[in-house]
Structures are given as C-alpha cells and as structure tokens.
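Working notes, beginning with the structure itself.
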Amino acid sequence: MVFYVPIISLLSSVILLSSCGNACNLLPGSPEGSCLELQATPYITSTSSQFGNFIEGTSVNARGDIFAVNYGNPTPQNQLGQVYPSQGLFYTDEVLSSLLNGIRFLSSSRAYVVDAVNHRVLQLDVNTSENASVVTGSTVFCSDQQMLQPNDLTLSIRAGTVITSGMRWIADTDDTHGDIWVCLPDGRVNRVEVMGRTNGIDLSPDENTLYVSESYNQGGVPNVQKIWKYNINVNEGTISGKTLFADFAQVDGSASVDIDGMKTDSQGNLYVTRHGGSQVVIFSPAGAVIGKIALNFPNPTNLEFGGPTGTSLFIVGKCGDSESKGCVDKIEVANPGRTWSLLQN
Ligand SMILES: *[C@@H]1O[C@H](CO)[C@@H](O)[C@H](O)[C@H]1NC(C)=O
Ligand SMILES: *[C@@H]1O[C@H](CO)[C@@H](O)[C@H](O)[C@H]1NC(C)=O
C-alpha cells in the first residue's frame with residue numbers, strides 16, 4: 001500500500017539487454033520475442049470487483065487459490081477475500097480498526113496477516129476443504145508498539161519465521177521511516193533493520209536471501225527506488241551482508257515510480273510491482289531485468305502466483321485514480337511461484 005496519490009511518471013525508454021535472447025523463457029513454451037513487452041489481461045474489472053481500492057497482500061494457498069485484503073465495498077480494511085477461483089469473503093477481523101495489508105500461507109491450516117495500524121501480525125487457523133477455505137480462529141502471533149506500520153510480510157515455509165516490512169509515509173523520508181522485524185515461532189520478536197521506507201519483501205526459493213525495497217520521497221514526490229538483498233538465517237531470524245540488488249534510477253530512470261509488493265518464482269526471479277507505473281518488472285537472481293509486464297490499471301500494489309500449477313500470476317491494484325474498486329490482472333508464466341512450490345511438500 002502507498003499512502004498518497006502518486007504522480008504518474010513516464011518511464012524512460014532505456015533499452016536493456018535481456019538474458020532471454022530471442023525467445024522469452026518466462027512464458028510457457030519459450031515463445032519467440034522479447035520478455036520486455038509482456039501484456040497481462042484483465043481478470044477482475046471494476047464492474048465485477050467485490051474488492052475495494054486498497055486491494056493488496058496477494059497470497060496463495062497450497063491449492064493455488066488466491067486471496068487479497070480489502071474485500072467488500074466500500075472498503076472495510078479488516079476483511080480478507082478470495083480472488084481466485086471465485087470471489088468471496090475469507091475473514092473478518094473482530095477489531096474494526098484493523099488495517100489488514102498482507103497475507104501469507106504457511107500450510108493448508110495456517111496463515112499470517114499483518115495489521116498496519118495495530119503493530120501486530122495475526123495467526124489464522126484455516127480449514128481448507130474441498131471447495132472452500134474458512135478461518136476457524138485467530139490469535140496475535142507477534143506484536144510490538146515500536147513496529148512502524150507493518151506494510152507487508154514474507155514467510156519462511158521451512159522455519160515458520162515471519163519477516164515484516166514497515167513504513168511511515170510522510171512528505172520527506174529519512175533513514176528511520178522504514179524497518180524490518182522478525183517474528184520467530186518460539187516467540188522472539190526482533191527489529192533487525194532501520195532504513196528508508198520499506199514495502200516489497202520476499203525470500204529466495206532456498207530461503208537464504210531476503211529482498212526488501214527501500215523508497216524515499218521529498219516534498220511528497222518519490223525520488224529513490226532501491227531493492228536490497230541480505231543473507232538471512234530463517235532459523236535464527238538474523239540478517240547480514242546488505243547488498244544493493246537494483247536501483248531504478250539506473251535500471252530505467254524510474255526513481256519517481258514507487259516499488260510496491262514483490263514475489264519470487266521457483267527459479268528465484270523477482271517480480272516487482274511499480275505503483276503508478278502500470279507495470280511489473282522481473283529481475284533475474286543476478287539482478288538483470290529479464291522481463292516487463294504491462295498492466296490494465298495504473299497502480300499495482302501486489303502480486304502472487306497461483307492456479308492449479310502455480311503458474312498463473314495475479315496482479316492486484318486500484319482500478320484507477322478515481323475508482324473505489326480493486327482490479328486484478330492475470331498472465332500465464334513458465335515458472336510456478338516460490339510459495340506455491342514450497343507449499344506442495
Ligand atoms: C472443515 O470443513 C469441512 C467442510 O465444511 C468439515 O466437514 C470439517 O469438519 C472441517 N474440519 C475442521 C477441522 O473443522
Ligand atoms: C464442490 O464443488 C463441486 C462442483 O461445484 C460439487 O460437485 C461438490 O459437491 C462440492 N463439494 C462440497 C463438499 O461441497
């Protein structure tokens with residue numbers, strides 16, 4: 001989620017060399033042509049949407065069902081809904097002030113949700129039966145009043161460790177407006193990083209690398225968009241070896257287009273939403289831009305891979321600047337998502 005109306009910036013048309021060569025190996029069957037001109041198709045539009053314009057936190061369960069926050073209209077922010085295979089209510093938090101903003105599934109019976117205003121991560125007990133997923137109970141998994149608004153989360157499927165990205169949005173960002181917290185299953189809760197405002201967060205498929213976005217703005221205008229990577233020990237909840245992975249000022253001159261949700265696929269490629277850019281940018285694990293997906297709405301907030309084979313990429317966001325509904329685009333890709341793949345075991 002981004003807490004302001006962004007300035008739509010024109011992306012400069014820097015030509016990048018693609019590691020795809022002539023065939024686009026990000027799509028099924030490696031078709032001819034560049035991966036830099038991929039186009040998503042509308043899946044949920046403003047006429048069919050049952051989600052509000054703060055749709056975010058796209059997540060997948062083991063079956064490939066897709067969920068998001070801000071189900072219902074007008075915009076209750078304490079509700080989660082199912083996006084795919086059909087729209088429907090998934091969970092209503094009893095705390096009306098809750099601003100649920102990110103979801104992750106650990107198994108068919110457990111999920112985690114961040115609440116941006118109450119400085120906490122909720123644990124949901126889920127009953128996934130033949131045709132429906134139902135929440136049967138919720139508890140606070142971790143909480144700390146010093147957490148900045150936790151914006152999104154990622155989850156180690158192996159260790160059950162939750163990692164949150166926090167942000168405070170004000171007109172002039174400084175080095176304390178973002179943070180990373182780690183919540184371990186044994187109850188330990190630690191702040192492991194303080195930085196500019198953070199948003200997108202995910203792990204590599206081997207869960208040894210953590211990717212985190214960092215954005216700055218001045219006078220309300222975004223002017224820095226970076227992605228950092230760290231070594232992470234998911235059992236101990238420690239991070240080290242901070243390294244610059246991508247800087248959009250250098251990638252394509254788009255430092256004024258905010259980074260929002262990010263997800264890795266099973267090969268470790270990183271898919272990044274650009275809020276205001278109507279686009280998803282795909283990086284190889286080495287940090288090269290290997291694909292770009294054009295969307296049908298301007299402000300994507302998050303994305304996840306689902307469907308029966310984990311290869312349907314769903315991208316969510318506000319339908320338009322003056323719209324009160326949340327929209328979803330879809331594109332079939334070659335590799336399943338990291339989370340879908342790990343949840344199959
Ligand atoms: C899960 O839901 C199914 C279908 O509604 C029901 O038959 C089953 O008893 C439920 N299981 C649990 C553990 O609640
Ligand atoms: C699940 O959905 C299918 C197709 O609509 C239906 O035939 C089946 O009876 C449903 N199962 C349950 C347990 O409701």
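Quick note: numbers below take in every heavy atom, side chains included, and nothing from hydrogens, waters or symmetry partners. Note that ligands are numbered from 1 as they come in the structure, with each ligand's atoms numbered from 1 the same way. Model, not experiment: these values are computed from the prediction.
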TODO: Report yes or no: does Asn299 contribute a side-chain atom to a donor-acceptor pair with the main-chain N or O of Gly276 at less than 3.5 Å?
DONE: yes
- [ ] Pick whichever of Ser109, Ser133, Gly137, Ser129 has a heavy atom sitting closest to atom 4 (C) of ligand 1.
- [x] Ser129
TODO: Look up atom 9 (O) of ligand 1 and tell me if a protein heavy atom lies less than 4.0 Å from it?
DONE: no
TODO: Inspect the contact between Asp252 and Lys292 and indicate whether a charged nitrogen and a carboxylate oxygen are less than 4.0 angstrom apart.
DONE: yes
- [ ] Starting from atom 1 (C) of ligand 1, locate the nearest protein heavy atom and write down its residue, its atom name and how far away it is, to 0.1 Å.
- [x] Asn127 ND2, 1.5 Å
Task: Asn101 side chain to Asp152 side chain, donor-acceptor N/O pair below 3.5 angstrom - done: no
Task: Heavy-atom side-chain proximity of Tyr271 to Ile293 below 4.5 angstrom - done: yes
